[in-house]
Enquirer: 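Okay, here's the structure, questions in a sec.
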Amino acid sequence: MARDVIIALDFSGREQVMEFLDKFTERKPYVKVGMELFYAEGAQIIRDIKARGHKVFLDLKLHDIPNTVKKAMSVLSSLDVDMCNVHAGGTAAMMSAALEGLTRADGTRALLIAVTQLTSTGEKQMQDELLIKESLEETVLHYAENSKNAGLDGVVCSPLEAAGVKARCGADFLTITPGVRFADSKTDDQVRITTPARARELGSDYIVVGRPITQAADPVAAYMRCVKEFLG
Ligand code: C5P
């Protein structure tokens, strides 16, 4: 099974992105493009990053009626991204529709991952505002199970939740985990964090790492350190 380090390209514009990617002359990292960069630069930024030989996780977290998500996924497929995502809260019907839309001309498709509950949502908020009465943990696991049943490939979760997701959904169900920090680096605004080595032990398939690499004095060295710790 593929496992890898994904760098979160949390930059606001093309110039910064290209300047950053120019540093990687040997190994071309798997990268994540989120809403800020995609909305600022449009689809061409994805084509340009792909043309440089990077795999792309397009993190747009789609959540709409099934037909709209299906059509949007079909457009994203034409960009040849390697991974994309939806909110599991859109229901199994929406996730199945997303999968139907996600096909390339050669019959292959990008990996499709679900966001369960955003980590910015606390248990009390979820219960009081969204009227979900179960615990946050059970809700995350149940949404992961819905995603698996809808045919998705995995979920975004904390490395600390990876084992629980695997226990509920099977070892092959992918866990994509942000919240990774080196043992000796600052935590920024992340709260529940683990090191790359610990994420590997906990069963993460892909770790998403932003600032520890993008803000490092030597981003390539920080990336290689991450790869070494995570992939062994
Ligand atoms: O800089 P840092 O390593 O914290 O970046 C982590 C990346 O993962 C960011 O793009 C952030 O938006 C994303 N993310 C996260 N926590 C989640 C989901 C996504 O940190 N639960």
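Ligands are counted one by one from 1 in listed order, and the atoms in each one are counted from 1 as well.
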Enquirer: Is the CD atom of E137 crowded by more than 12 outside heavy atoms at less than 6.0 Å?
Expert: no
Enquirer: Distances for all N or O pairs of ligand 1 and the protein under 3.5 Å?
Expert:
residue, atom, partner, partner atom, Å
ligand 1, 1 (O), R211, N, 2.7
ligand 1, 1 (O), R211, NE, 2.7
ligand 1, 3 (O), R181, NH1, 2.9
ligand 1, 3 (O), G210, N, 2.8
ligand 1, 4 (O), R181, NH2, 2.8
ligand 1, 4 (O), Q190, NE2, 2.9
ligand 1, 4 (O), R211, NH2, 2.8
ligand 1, 10 (O), D10, OD1, 3.4
ligand 1, 10 (O), D10, OD2, 2.8
ligand 1, 10 (O), K32, NZ, 3.0
ligand 1, 20 (O), Q190, NE2, 2.8
ligand 1, 21 (N), T119, OG1, 2.7

Enquirer: Does E201 have any salt bridge (charged side-chain N to carboxylate O under 4.0 Å, His left out) partners at least two apart in sequence or in another chain, and if so, which?
Expert: R198
Enquirer: Can you confirm whether more than 12 heavy atoms, excluding those of K133, are under 6.0 Å from its NZ atom?
Expert: yes
Enquirer: Determine all donor-acceptor pairs shorter than 3.5 Å in which one atom belongs to a side chain in residues 212-220; sequence neighbours excluded.
Expert:
residue, atom, partner, partner atom, Å
T214, OG1, G210, O, 3.3
D218, OD1, V220, N, 3.3
D218, OD1, A221, N, 3.1

Enquirer: Looking at F182, does the NZ or CZ of R225 lie under 6.0 angstrom from its six-membered ring centre and within 45 degrees of the ring axis?
Expert: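 Satisfied, under 6.0 Å and within 45°.
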Enquirer: Taking only distance into account, with no hydrogens and no angle test, what donor-acceptor pairs under 3.5 Å do side-chain atoms of residues 61-68 form with protein atoms, sequence neighbours excluded?
Expert:
residue, atom, partner, partner atom, Å
K61, NZ, D59, OD1, 3.0
K61, NZ, D59, OD2, 3.1

